[in-house]
Number of protein chains: 2
Amino acid sequence: MSRTTIADVARVAGVSKATVSRVLAGQSNYIREETRQRVQKAVGELGYRPSDTARSLKSKRSCTLGVVGYGLEFYGPSCTISGIEQEASELGYTLLLHLIRQPETNNVEELLERMQSRYVDGIIWAVPEIGGNHAWLDDKKRWPSVPIIFLSTEPRPDRFVAAVDNYNGGLMATRHLIAQGCQHIGLITGPLDWWEARQRKFGWKDALESVGLPRKEGYVVEGNWSAISGEHGLTQLLSRYPEIDGVFACNDRMAVGALKMARQVGRRVPEDLAIIGYDDVQDAEYFFPALSTMRQDMVELGRLAVRKLGQVIEAKQNGATCPPEAVILQPELVVRASSLLRK
Amino acid sequence: MSRTTIADVARVAGVSKATVSRVLAGQSNYIREETRQRVQKAVGELGYRPSDTARSLKSKRSCTLGVVGYGLEFYGPSCTISGIEQEASELGYTLLLHLIRQPETNNVEELLERMQSRYVDGIIWAVPEIGGNHAWLDDKKRWPSVPIIFLSTEPRPDRFVAAVDNYNGGLMATRHLIAQGCQHIGLITGPLDWWEARQRKFGWKDALESVGLPRKEGYVVEGNWSAISGEHGLTQLLSRYPEIDGVFACNDRMAVGALKMARQVGRRVPEDLAIIGYDDVQDAEYFFPALSTMRQDMVELGRLAVRKLGQVIEAKQNGATCPPEAVILQPELVVRASSLLRK
DNA sequence: TCGATTTCTGAAATCGATTACATTTTATAA
DNA sequence: TTATAAAATGTAATCGATTTCAGAAATCGA
C-alpha cells in the first residue's frame, strides 16, 4: 500500500494536480472558495500528506538543517544539539544529524556533499576547532554554496560563527580567584590544540598580568579535559609550587579531579586551595565542596546559531545577502563553596 | 550555479543517462569496461554526486533513519543518540533527528508522517514510556508501515523493543546493599509513571522479599530524578525511619543529592548509610564518597537498536519478515566507596 | 556465413510534487 | 451587449535520478 499522492487527491476532488497544489500552498492563489473546500475535503478523507522528498526535489529546499556535531557523550555538546533542535523545530526545520568521532575529520567534502545532495537549507558545523581541523575554512574553493555557521570556533571575517567568549570566561574565573585573595593561581588547561582551551588560558594569563600576580612557567599544566587529568594536573602543580592557593581548571571534569586530589593530599578546599571549574555541568553543586564554575549556556548557543542561520537562509531566498558575523555569548560566573572567600 | 546532474555526466561521457546510472550502481550490470571508464572519468571531472533526494523519490528508500528522542540534556539519552549515530553511520544510514520536549507527545501521527514523507527506511522511537504515552502502540491502526523500534519501553509482543533490564538492575543494586550488611534499605524512586522507575522499584521489592528483610510503606519515597529530590527523599526517609542504613536511589543524580544530605545531617557514608545510584554517569567516582551505581551501556543500547532495525529493513526489502523481538541489555554493578562493606 | 544468444546501450516512463504558460470562466467597464 | 481585464483552473514541463523495455552490437556454434 503506497502513499496517497497529489494525483489521488486531484481525482477525488475532481480538479487538476495544479489546483490541489495551489490549495495546499495556502496564499490566496486565485482559488475559488468552493474549490478550496472540495480539495480540503478530499485531502482530509484520504489523509493526504505531500511527499517532502518530491517537494524538495522540485523546489530545492528541504526545510532541513544539516548538523555536524562532535562529542555527544559530553554535557556541553549535548546541550548545544538540544538547543539547535529546539530552535530548528520552532522555525519549522528538521535536522539531519551527523556526528564525527575524530575531530580531525578529513572527509569534510564528503560530509558537505552528502548534506547538499539532500538539499539541506543550511549547515551547522558544531565541531570544536582543534589543531588545523578548520583550515579548510580558509580555502574559498571549498566553501559550500549552502549557508553554514560554525560553532565554538575562532571568528573569521567572512564566516558566520557563534561562540562563547572563552577568553573572557578565563578572565572572569581568574579574577574571581584573585578577588578571593588567592596569590598563586595555577592553571589546568584543556589540550592546547583546542582553540577554546587556548582562549581560556589567555584569559587566565591576562587576569594575572593585569594585577601583577606571579605567573611562573610551571603554573600551567595541560590536561585532556578528563577528571583523571585534573587529578594529575593538581598533583603536578602542587609538587612544583606548594604555595599555589588557587586553581582554575578549564572544565568541570578536571576541576572535580582536582577536588578529589586535593582531598587526598590533605589540602582543604577552599580554605587552603580555591578551585574553580568551567562549564557548570549538571549537579556541579553536588560535588564536595560544591564546585564554583563558569556557566556557559550551550543550549542558547545552539538556538542562536539556528536563529542566525535561519536569517541567512531567508535572506538568500530573497536574493539578499547577510553580512557574515560572529555571534558571541558571554559566560557567567557561578560562585559556590569550592572557591569561597577566605579573608 | 546548480549541481551537476546525471545528464551532464551523460553528455560529457557521450552516453545515455541510463548508462551512467548503471555504472554508478556498481554491480556488473552489463557495462563494457571501456564505457565504464569513460563514465567514471566524466564523473571525476565534473565532481558529480547523485542527488540523494531524486534517488529517494524514485527508489522510495533514503538510507535515512528517523530518530525521535527525548531529554538530550541528560547523560543517558545523549549516549543513546550517540550510539545510534555510530551504528547508523557504520551501516550507511544518516539520521533525521527530532527531539520532543514533552514526553506525553500527542502529535505522534504528525511525527511519523513527517518522517515517512521523507521516506525514512526505519524509525527509532527513543522516548521513555511515561504514563500512557505509548498507548498508541497498541492501536494497530496507528502503526506506520515503516519498520520501527522502541527504546526503553516495556516489551510488547508484536513490536521491536530494545531496553535495559531495569528490574534486574534494581534487584542487583539492592542485593548488593544487602550483601554489604544493610538491614533497612530505603528506596528513592524515579517518578512512578515511568516504566523504568517502576521496574527498578520492583527489583528492590523482590530483592528484599527474597531474603525476608523488612519493607515498610515509608521505605519508599518518590523523587523526580533531580538531585534536589534526592536530598528531600533522604530527609524524608530518615525522619520516618532513622534505622535506615542503606538507600537505593534510582538514578545517580538523586543519589548524589542523598549523598549531600547525608553529609549535611551527619550520617557518614558508607559507615552509617550505604548509598547506591543508577546510571553510572560520567565521573560518578568523583563525588564524595565515590558513588556506587548500576552501569547501563546506553551507547550499546543505541547501537543494538540500529543493528536490529537494520536487519528488519533489509528483510523487508527482500520481501521477508523479521519476527518482532525484544532486545534486553543487562546492567552491571559498579561498586565504589559509597556502598562499601562495613563488617 | 548465418541465426541464436549474450552483452551492452538508449529511449522513455516513472517517482510526486511545483510552476510557467495556456485556457476558460467570471466580473467589470464602456 | 460587448470588449476587456481579472480570476480560476488545467496542461505540460520540470526537478534528477532509476528502471523497464526494446533495439543494437558482439559473441558463438554449426
Side-chain angles (χ1 to χ4, degrees), chain A residues 1-40 42-43 46-64 113-114 116-121 317, chain B residues 1-40 42-43 46-64 113-114 116-121 317:
Chain A
M1 159 227 69
S2 67
R3 304 172 54 84
T4 59
T5 76
I6 198 171
D8 299 326
V9 177
R11 190 168 350 94
V12 170
V15 298
S16 71
K17 295 193 296 175
T19 301
V20 176
S21 180
R22 289 197 191 96
V23 169
L24 265 58
Q27 323 292 4
S28 65
N29 289 335
Y30 300 111
I31 293 288
R32 211 188 332 164
E33 185 52 27
E34 192 260 349
T35 310
R36 175 186 309 280
Q37 300 201 352
R38 261 216 325 282
V39 171
Q40 294 287 20
V43 167
L46 298 174
Y48 168 70
R49 149 131 203 169
S51 154
D52 282 333
T53 304
R55 199 175 264 191
S56 304
L57 177 59
K58 181 77 222 273
S59 65
K60 303 197 166 193
R61 294 202 46 193
S62 62
C63 291
T64 297
E113 293 240 316
R114 198 192 313 182
Q116 292 188 85
S117 97
R118 286 194 154 92
Y119 297 119
V120 297
D121 298 328
Q317 271 153 13
Chain B
M1 158 227 69
S2 66
R3 305 172 54 84
T4 57
T5 75
I6 197 172
D8 300 325
V9 177
R11 190 169 348 96
V12 170
V15 298
S16 71
K17 295 192 296 174
T19 300
V20 177
S21 179
R22 290 199 189 94
V23 170
L24 266 59
Q27 323 291 4
S28 66
N29 288 336
Y30 301 111
I31 293 288
R32 211 190 332 164
E33 184 54 25
E34 193 260 347
T35 310
R36 176 189 307 281
Q37 298 202 352
R38 262 217 323 285
V39 171
Q40 293 287 19
V43 167
L46 297 175
Y48 169 69
R49 148 129 205 171
S51 154
D52 282 334
T53 304
R55 201 175 262 192
S56 304
L57 177 59
K58 180 74 214 269
S59 65
K60 303 199 167 193
R61 293 202 49 193
S62 61
C63 290
T64 296
E113 293 240 316
R114 197 191 314 181
Q116 292 189 85
S117 96
R118 285 191 153 93
Y119 297 119
V120 298
D121 298 328
Q317 271 155 12

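Note that the coordinates shown come from a computational prediction; the quantities given were computed from them, not determined experimentally. Below, read A as the first sequence line, B as the second, and so on, with proteins coming before strands; counting in each chain starts at 1.
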Test item: S117(A) and R55(B) side chains (from C-beta on) under 4.5 Å apart, heavy atoms: no
Length of the line joining E34(B):CD and dC8(C):P, which is rounded to integer Å: 12 Å
Length of the CZ-P vector between R38(A) and dA8(D), whole Å: 14 Å
Whole-Å distance separating the CD1 atom of I31(A) from the P atom of dA7(D): 13 Å
Sugar-phosphate, base or nothing in reach of V15(B), heavy atoms under 4.0 Å: sugar-phosphate
Side chain to side chain contact (heavy atoms under 4.5 Å, CB included) partner of V9(B), the single match among L24(B), V20(B), T19(B), V15(B): V20(B)
Minimum heavy-atom distance T53(A)-S56(B), with the two atoms named: CG2-CB, 3.7 Å
Interatomic spacing from OG1 in T64(A) to OH in Y119(A) - rounded to 0.5 Å: 13.0 Å
Nearest-Å distance for atom pair CD/C1', residues Q116(A) and dC15(D): 17 Å
Per T35(A) side chain, nearest of listed nucleotides dT9(D), dA17(D), dA17(C): dT9(D)
Length of the CZ-C1' vector between R11(A) and dG16(C), whole Å: 13 Å
Interatomic distance where CZ belongs to R3(B) and C1' belongs to dG16(D) [whole Å]: 9 Å
Along DNA chain C (nearest heavy atom to each residue), the more 5'-positioned of Y48(A) and E33(B): E33(B)
With R114(B) via salt bridge (Lys or Arg N to Asp or Glu O under 4.0 Å) - residues at least two apart: E110(B)
Helical bend (five base pairs per end, nearest 10°) for the helix from dT1(C)-dA30(D) to dA30(C)-dT1(D): 50°
Any residue meeting salt bridge (Lys or Arg N to Asp or Glu O under 4.0 Å) with R38(A), in chain and number order, not counting sequence neighbours: E34(A)
Side-chain heavy-atom pair I6(A), S21(A) within 4.5 angstrom cut-off: yes
Partner residues of D121(A) under the salt bridge (Lys or Arg N to Asp or Glu O under 4.0 Å) criterion, sequence neighbours left out: R61(A)
Euclidean distance, atom CD1 of residue I6(B) to atom P of dT14(D) [Å, nearest integer]: 18 Å
Nearest-Å distance for atom pair OH/C1', residues Y119(A) and dC15(D): 7 Å
Nearest-nucleotide pick for Y30(B), side chain only, options being dT9(D), dT18(D), dT9(C): dT9(C)
side-chain contact (heavy atoms from CB on, under 4.5 Å) against Q40(B), all qualifying residues, sequence neighbours excluded: V23(B), R36(B)
Contact list (N/O, under 3.5 angstrom) for nucleotides 19-29 of chain D vs protein:
| residue | atom | partner | partner atom | Å |
| --- | --- | --- | --- | --- |
| dT20(D) | O4 | R22(B) | NH2 | 3.2 |

Candidate nucleotides dT11(D), dT9(C), dA17(D), ranked by approach to the side chain of S16(A) - the nearest: dT11(D)
